[in-house]
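Residue numbering restarts at 1 for every chain, and letters A, B, ... go by the order of the sequence lines. If you're wondering where the values come from, they're calculated on a predicted model, not measured in any experiment.
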There are 2 protein chains.
Amino acid sequence: MENIKSETCRNGVEASLEIIVGKWKPIILLHLLHGGTQRFGEMKRLLPNITQKMLTAQLRELEEQDIIERKVYAEVPPKVEYSITEYGRSLYGILQQMHEWGVSHMEHMAKKNSR
Amino acid sequence: MENIKSETCRNGVEASLEIIVGKWKPIILLHLLHGGTQRFGEMKRLLPNITQKMLTAQLRELEEQDIIERKVYAEVPPKVEYSITEYGRSLYGILQQMHEWGVSHMEHMAKKNSR
DNA sequence: CGGGATCCAATCCGATACTG
DNA sequence: CAGTATCGGATTGGATCCCG
C-alpha cells in the first residue's frame, strides 16, 4: 500500500473485485474449492436458485480469467467438468479472510440493529 | 471454511462484498485509510471523475455500515468531515490482500494476452 | 459548501423457449 | 446434458438542476 498516488492500490483492489464480484461467483468458487471437480449438472443442483444462463455466464467469465478449467468430453450425452486451476487456488486466502471478516460483521450489524 | 453446507462461508464472503463493492468504495476507503480525516470537498478533488451524487451515496452507505464516521460542523459555510472508524480499520487486511493479489493478477493477464 | 431531486442510459439478472 | 437466444424487469451509475 506504499504507492497510493499512482493508484496501484486502487487498481489492484479493483482487479481482485472483478474476479469475485458477481451474484454467484463466490459460492461457485467455494463449491469448487471444497468439492473438487464437478459437472455442470452437479453445480446446478448445488445452486438451486441459479438459472442455466447465469451459471454458464459466470463459469465462462471465471474460465476466461484462468480461475477455473472447463473440460469437455466428446460423448453422447455431453459431459463437461469444471475445476479450480492452480492459479485459481491462489484466491483461497482472500475468500478465507473475507469469510472471517464477513461473519464477524454480520454479528456486528445484528447487535447494532437490536439496540 | 469448515461449514460449507450451512453456507456460512458464502454468506460471510457476501457480507464482506457488500461493504467493498461499489464503483468508488475501495478508493474512498484507501484515501481515508491513508490520508486520515477529510472534508467532502477534499475527497471530491481527490476523485476527479466522481459526481457529487455518487460520492454522497457511497459515503452514506459506508456510514450506515459503521465503516466511516460523518461529522457535521454547524458553521456557515457548512463543513463536513469523514473519517475511518476503528471498526472500519479492520477492513485493512482484506484490502491489503486484495491489492497484492490484484497486482499479480494484472501481471498474469498481461502475460496471457501477450502470448 | 455539501448536499437533495430528477431524469436517463447502461448493465445485470431472471424467466422462458429452443437445440445439437 | 449442457448449453444458446430472446425478452423484459430491476438495479446501478451519470448528468443536470436546485437548495439552505
Rounding to a whole Å, what distance do you find between [X]:[atom1] and [N]:[atom2]?
X: A:L47; N: C:dC13; atom1: CG; atom2: C1'; result: 15 Å
X: B:R60; N: C:dA5; atom1: CZ; atom2: P; result: 11 Å
X: B:W24; N: D:dG13; atom1: CH2; atom2: C1'; result: 10 Å
X: B:R70; N: C:dG4; atom1: CZ; atom2: P; result: 7 Å
X: B:M54; N: D:dT12; atom1: CE; atom2: C1'; result: 7 Å
X: B:L55; N: C:dG3; atom1: CG; atom2: P; result: 8 Å
X: B:Y82; N: C:dC1; atom1: OH; atom2: C1'; result: 11 Å
X: B:R39; N: C:dG3; atom1: CZ; atom2: P; result: 10 Å

- Message: Judged by each residue's nearest nucleotide on DNA chain D, which is more toward the 5′ side, B:I50 or A:G41?
- Response: A:G41
- Message: Just to verify, which of A:R70, A:K25, A:K23 counts as forming a salt bridge (Lys or Arg N to Asp or Glu O under 4.0 Å) with A:E61?
- Response: A:K25
- Task: Is it possible for you to say whether B:M109 and A:Y87 belong to one hydrophobic cluster, with membership spreading through side-chain heavy-atom contacts below 4.5 Å?
- Result: no
- Task: Could you tell me whether A:E42 and A:R45 make a salt bridge, using a distance below 4.0 angstrom between a side-chain N and a carboxylate O?
- Result: no
- Salt-bridge test for B:E107 and B:K111: reply yes if a basic N is under 4.0 Å from a carboxylate O, no otherwise. no
- Query: Which nucleotide, D:dT4, D:dG13, C:dG2, lies nearest any side-chain atom of B:Q52?
  - Reply: C:dG2
